[in-house]
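Read the structure below first, then the notes.
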Amino acid sequence: MNTKKLIGPFKQVIPMSGLSLKGAISDDQLMIIKDAGIIVADGKIQDIGDFETLVKNSEGIEIHELKGNHTCLPGLVDAHTHICFGGTRANDYAMRNAGKSYLEIAKAGGGIWDTVTQTRKASSEELVKRTTKLANRHLKNGVTTIEVKSGYGLSVAEELKMLRAIQETNKNVSADLIATCLAAHMLPKDYSGSQSDYLAEISEQLFPILKEEKLTNRIDAFIEESAFSAEQITPYFEKAKAMGFDITVHADQFSTSGSKVAIDFEAISADHLEASTQMEVELLAKSNVIATALPGASIGLGCDFTPARNILDAGGALAIASDHNPGSAPMGDLLTQAAILGTFEKLSNAEVLAGITFRAAAALNLNDRGQLAEGYTGDFIGFHTDNYQEILYNQGNFKPCMVWKNGELVFDKHK
Ligand code: NIG
Ligand code: FE
């Protein structure tokens, strides 16, 4: 049972509130609440303020007193992962580092299709076990909300197997898993019809079941030469929109065109954007689409980072996600990747932290998390430091020592 409790004192609470969804942010805009306590009730934040003052008025409130110096951030949000999969792609990684390109490896029978084959072979139980393990690892690293895509099933039955496994995993783990249907990841090699036939079949047969079983309200597609064109995806996204799904797009990873599709369909987010030119950057910035950078894919593939600085300077909303998947982004460490993106793209601490908290929540169309303020979910994390700058300065090698989800302590390194 969730009783009312006061947690603290934290040397610094960085609530990430009062900041704009779009555009550049400097560190001096960050609110820092010093020597603070957080009151949570029924899983939600009720108050944040001076710890000693809160203690004085704490009659009937349980006090969870922290020893030593701690700095508190909102629970991190990873708005793009593929952590439900079978097998490994260590061989792809070796081939790639031996000089083969992502598309060459895919054409030679590796790539996404290899993971589809291995995921189809895996039982539902195996998928649940794997996804649980990776979600729990993420939770320990401070990630309390994790988006998880299907997209390694690529048939109605196999996509359902994945999405049901994600739904089942969500019951077992403390983090919230937000499922997304990525049946439009590539044309399955064993499908005899065209891209358009495949997409029509998926939208007619799978979409109604997603609604019926409440498996997801998000539809994603990979717009790329090796996957689907803007033209092919149009009827698919039209159908998804008409049924009330939120749209998200794998856009501009190797070539442009996906970001325009995202804007035209008023997608919640356009993710990747490594190939976006200034023209795409400016169009995205003018739109309400959240631009999600995936530095883990740049690090995994050894290619350019998303032009994050340009996106922010143009006035865009920048989220940062791990893209954790067995192929292009095998590391899966959000904090490390976000810190590295910050170094290469010259992002302020505030911009990086915004990208993995409230701006990432917006990329999932969630407005109840990603900041610490009255009424928000009690998802927050503590680091052993009295200075929030230490967090990104350590480039991911400094992890939280405590994680609270809905006001409950779900990870404590001291124990
Ligand atoms: O986001 N770009 C397409 N999809 C994934 C890669 C998936 C894979 O390689 O298995 C991505 O990078
Ligand atoms: Fe992805």
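Whatever order the structure lists them in is the order used to number ligands and atoms, beginning at 1.
- Side-chain atoms of Leu283 and Lys260, non-hydrogen and from C-beta on, never get closer than 4.5 Å to each other.
- Classified by interplanar angle (parallel below 30°, tilted 30° to 60°, perpendicular above 60°), the ring pair Phe10/Phe380 is perpendicular.
- Protein-derived N/O/S atoms nearer than 2.8 Å to the Fe ion (ligand 2) total 4, waters excluded.
- Within the structure, every pair that satisfies the ring pair (Phe, Tyr, Trp, His ring centres under 6.0 Å) test and touches residues 300-328, not counting sequence neighbours, is listed here: Phe305-Phe344.
- For the 3.5 Å distance criterion, the side chains of Ser150 and Glu159 qualify, holding a donor opposite an acceptor.
- Annotation for Phe398: atom CZ counts as buried by contact number, over 12 foreign heavy atoms lying within 6.0 Å.
- Between His250 and His185, the ring planes lie tilted relative to each other; the angle falls in the 30° to 60° range.
- No donor-acceptor distance shorter than 3.5 angstrom exists from the side chain of Asp386 to the backbone of Asn69, with no hydrogens or angles considered.
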Please tabulate, one line per pair, the protein nitrogen or oxygen atoms found under 3.5 angstrom from a nitrogen or oxygen of ligand 1, with distances to 0.1 Å, or say none if there are no such pairs.
from, atom 1, to, atom 2, distance (Å)
ligand 1, 1 (O), His82, NE2, 3.3
ligand 1, 1 (O), His250, NE2, 3.0
ligand 1, 1 (O), His272, NE2, 2.9
ligand 1, 1 (O), Asp323, OD1, 2.9
ligand 1, 1 (O), Asp323, OD2, 3.0
ligand 1, 2 (N), Gln253, OE1, 2.7
ligand 1, 4 (N), His185, NE2, 2.8
ligand 1, 9 (O), Arg89, NH2, 2.8
ligand 1, 9 (O), Tyr102, OH, 3.1
ligand 1, 10 (O), Arg89, NH1, 2.9
ligand 1, 10 (O), Arg89, NH2, 3.4
ligand 1, 10 (O), Tyr152, OH, 2.6
ligand 1, 12 (O), His272, NE2, 3.4
ligand 1, 12 (O), Asp323, OD2, 2.8
ligand 1, 12 (O), Ser328, OG, 2.7

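- For Arg130, the salt bridge (charged side-chain N to carboxylate O under 4.0 Å, His left out) criterion is met by no residue, not counting sequence neighbours.
- No side-chain donor-acceptor contact under 3.5 Å links Glu274 to the backbone of Asp304.
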